[in-house]
Amino acid sequence: MSDDDHVGDASGKGGRLMGWVFRNLAGPPQMQGAVQGGSRLAREAWKQDLEQRKQWSREQRELKRAQREARRTER
């Protein structure tokens, strides 16, 4: 097999056509604003939701911890 038979470029991207297809049709999503949302209102709502979830998790951990302590003191 000679170098002329090689398909694609040396970086393994498959050449210009496959590179274009990957970037424009099948590539990774754009990261700008992906997590927080597009608007300031959406970002603030996302942050508020995240904080509420964290608070609920903290409360659940504290509740379980208190239940364990209560079981220990009963014995």
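The shown structure was predicted, so the numbers you read here are calculated from the model rather than taken from an experiment.
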*Is any NZ, NE, NH1 or NH2 atom of the basic residue among Arg72 and Glu69 found under 4.0 Å from an Asp or Glu carboxylate oxygen of the other?*
yes
_Test: Glu62 and Arg65 ion pair at under 4.0 Å_ =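 Salt bridge: yes.
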*If you count the non-hydrogen atoms of other residues, nucleotides and ligands that lie under 6.0 Å from CZ in Arg58, is the total more than 12?*
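Check passes, neighbour count above 12.
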*Determine whether the side chains of Gln55 and Glu59 contain a donor N or O and an acceptor N or O closer than 3.5 Å.*
yes
*Among Gln52, Glu44, Glu51, which residue meets the side-chain contact (heavy atoms from CB on, under 4.5 Å) test with Gln48?*
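For Gln48, the side-chain contact (heavy atoms from CB on, under 4.5 Å) test succeeds with only one of Gln52, Glu44, Glu51, which is Gln52.
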*asked:* Applying salt bridge (Lys or Arg N to Asp or Glu O under 4.0 Å), can you list everything that pairs with Arg68, at least two apart in sequence or on another chain?
replied: none
